Amino acid sequence: MIYLDYQATTPVAPEAAKAMRPWVEEKFANPHSPSRWGHEAEAAVEVARKQIEKALGYKGGALAFTGSATEAINWALKGTVENAPKGRNRIITVATEHAAVLDTCEWLAGRGIDLTVLPVDREGRLDLDLLERELDDRVLLVAVMMVNNEIGVREPVTAISEMVHKCGAFMFSDAVQAFGRVDVCQGPDLVAISAHKIHGPKGIGALWMRKGKEPAPLIHGGGQEQGLRSGTLSPALCVGFGAAAKLADERCTRDYDHVQKLWKAAIHALGPGWIVNGSTAHRYHGNLNIRREGVDAARLIADLRDIAFSLGSACASGSGRPSHVLRALGLDYRQARSSIRLGFGRYTTQQELVDACHRLARAALEQEKLDA
């Protein structure tokens with residue numbers, strides 16, 4: 001199999017798997033236990049936390065582990081609303097956000113929050129003048145992701161954070177696709193990340209919180225995570241996350257340069273007739289979302305079963321509905337259904353990517369001949 005679905009998940013780094021193994025096999029103590037073994041497990045968790053915080057590079061806050069980035073997003077949004085001062089009842093977000101953000105915002109809107117969902121231009125970028133016109137003293141929180149999970153487009157979250165703070169609101173950013181791949185933007189008060197997008201294990205995410213901006217707890221119980229999030233932590237998952245973050249921090253320039261070369265090779269190998277969805281300049285180039293007139297993307301996936309690629313977000317691909325992100329760019333139903341997403345990164349070789357793109361191009365041409 002040629003794996004080209006890095007936005008859905010990444011292969012676990014050997015270094016992360018090796019670091020986890022002792023905590024899966026013999027070091028099984030509860031990290032919240034007062035025993036010597038519990039303290040050892042707790043220490044391993046704290047080392048991992050520091051590794052992730054270093055890789056993030058944020059100051060003046062703390063990182064709490066969660067069961068996923070989706071939990072971190074829900075916690076950030078719902079917990080901030082729970083702590084909202086009187087008169088702050090608006091949330092502003094963007095039409096191309098991940099479903100975890102949009103669905104949570106819609107849930108909050110059903111409970112009285114005034115929700116504004118801003119459009120993007122045809123390149124998938126937010127108009128900052130439009131955002132500025134929407135900001136007022138009723139805004140509680142603005143949610144804008146750093147790198148889009150479906151089209152790879154990057155938003156200027158640092159500049160947006162400055163605008164948001166001027167009106168006294170909180171800034172939240174989904175950095176799941178940015179962390180470990182590009183330099184994360186400075187400025188947000190709350191940032192959600194995930195281990196399995198940076199060659200770590202599934203089942204663990206984190207929320208970074210600026211001091212004084214912590215959301216109210218979403219999960220109640222023992223308060224194991226700084227009194228704000230309850231539940232027994234898995235040392236194995238935490239250690240794997242930490243090892244993956246440390247490795248991403250060490251390899252950041254090498255991985256970034258590798259992805260730039262892969263992007264150019266893929267574009268060349270695909271040949272003419274393909275259109276890139278979203279900005280090519282303001283983009284993480286490990287995400288190549290493309291379309292070809294008249295192609296049935298679902299048929300491409302069926303015809304090329306030994307190449308792993310997708311129609312878009314893994315969370316929505318099985319729904320049968322066209323991507324809300326592609327529709328937000330102004331694509332019609334047929335154009336959205338003719339789009340595929342190729343995701344590549346650290347462990348993708350140029351040869352396998354080129355081979356896959358040649359086969360994709362041939363399969364698309366065969367479809368055109370059959371449909372002619």
Side-chain angles (χ1 to χ4, degrees), residues 4-10 69 73 93-103 117-128 131 143-157 160 173-182 184-185 192 194 197 256 259-260 262-264 266-267 270 273-293 295 297-298 300-301 308-319 321-345 348 353 357 360:
L4 300 177
D5 205 11
Y6 267 57
Q7 278 68 52
T9 196
T10 56
I73 289 166
T93 191
V94 184
T96 50
E97 290 291 305
H98 191 279
V101 170
L102 293 176
D103 288 359
V117 180
L118 298 179
V120 294
D121 62 22
R122 293 193 69 86
E123 291 206 326
R125 299 264 288 173
L126 174 64
D127 182 342
L128 298 193
L131 172 62
V144 182
M145 72 197 314
M146 291 187 196
V147 174
N148 189 273
N149 59 302
E150 292 200 29
I151 55 175
V153 170
R154 300 174 67 173
E155 296 288 359
V157 169
I160 293 170
S173 191
D174 167 0
V176 169
Q177 299 289 340
F179 179 50
R181 294 173 173 172
V182 297
V184 294
C185 299
S194 176
K197 308 294 187 180
Y256 183 83
V259 161
Q260 297 298 105
L262 291 176
W263 167 277
K264 292 176 183 176
I267 293 291
L270 284 164
W274 298 89
I275 301 166
V276 177
N277 293 323
S279 171
T280 56
H282 303 285
R283 189 189 197 101
Y284 168 64
H285 286 111
N287 180 321
L288 178 55
N289 194 305
I290 49 176
R291 71 181 189 273
R292 188 182 181 99
E293 190 67 32
V295 163
L300 277 183
I301 289 178
F309 61 101
S310 68
L311 305 179
S313 169
C315 303
S317 288
S319 69
R321 300 189 302 271
S323 158
H324 72 279
V325 173
L326 297 182
R327 297 305 298 272
L329 300 187
L331 273 61
D332 61 27
Y333 182 84
R334 285 181 59 84
Q335 290 171 323
R337 299 288 290 185
S338 297
S339 298
I340 60 172
R341 184 186 67 183
L342 308 180
F344 37 85
T348 310
L353 178 59
C357 289
L360 278 163

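Quick caveat, the model's predicted, so the values are computed rather than measured. Worth knowing before you read on, the calculation uses all heavy atoms, side chains too, and leaves out hydrogens, waters and symmetry mates.
Rounding to the nearest 0.5 Å gives a distance of 10.0 Å between CG of Leu329 and NE2 of His324. Distance check, rounded to the nearest 0.5 Å: CD1 of Ile290 to OG of Ser338 gives 11.5 Å. Note that CG of Asn149 is 7.0 Å distant from CG of Asp174, once rounded to the nearest 0.5 Å. Between the CZ atom of Phe344 and the CG atom of Asn287 there is a distance of 8.0 Å, given to the nearest 0.5 Å. Considering SG of Cys357 and CH2 of Trp274, their distance stands at 8.5 Å, rounded to 0.5 Å. Annotation: the span from Arg181 atom CZ to Gln7 atom CD amounts to 5.0 Å, rounded to 0.5 Å.
Annotation for Arg125 and Val153: closest pair CD-CG1, 3.8 Å, computed over non-hydrogen atoms. Listed here is the closest heavy atom pair of Glu150 and Arg341: O-CD, 3.5 Å. Of all heavy-atom pairs spanning Leu353 and Ala266, the tightest one is CD2-CB, 3.9 Å. Counting all heavy atoms, side chain and backbone alike, Ser279 lies closest to His282 at OG-N, 2.9 Å. Nearest approach of Ile151 to Gly278, heavy atoms of both residues: CD1-CA, 4.5 Å. Counting all heavy atoms, side chain and backbone alike, Val144 lies closest to Ser173 at O-OG, 2.7 Å.
Side chains of Leu360 and Leu342 form a contact here, defined as non-hydrogen atoms less than 4.5 Å apart. Looking only at side-chain heavy atoms (C-beta outward), Met146 and Val184 come within less than 4.5 Å of each other. Annotation: side chain of Leu126 is in contact with side chain of Ile160 (closest heavy-atom distance under 4.5 Å). With contacts defined as side-chain heavy-atom distances shorter than 4.5 Å, the pair Met145/Gln177 does not qualify. Counting only heavy atoms from C-beta outward, the side chains of Arg154 and Val182 approach each other to under 4.5 Å. Two residues are said to be in side-chain contact when any heavy atoms from C-beta on lie closer than 4.5 Å; Leu102 and Thr93 meet this criterion.
Between the side chain of Glu97 and the backbone N or O of Val94 there is no donor-acceptor pair closer than 3.5 Å. His285 contributes no side-chain N or O that, together with a main-chain N or O of Tyr256, makes up a donor-acceptor pair within less than 3.5 Å.
The residue from Leu288, Leu270, Asn289 that alone fulfils the side chain to side chain contact (heavy atoms under 4.5 Å, CB included) condition with Val276 is Leu288. None of Arg291, Arg292, Glu293 except one satisfies the side chain to side chain contact (heavy atoms under 4.5 Å, CB included) rule with Val295; the exception is Arg292.
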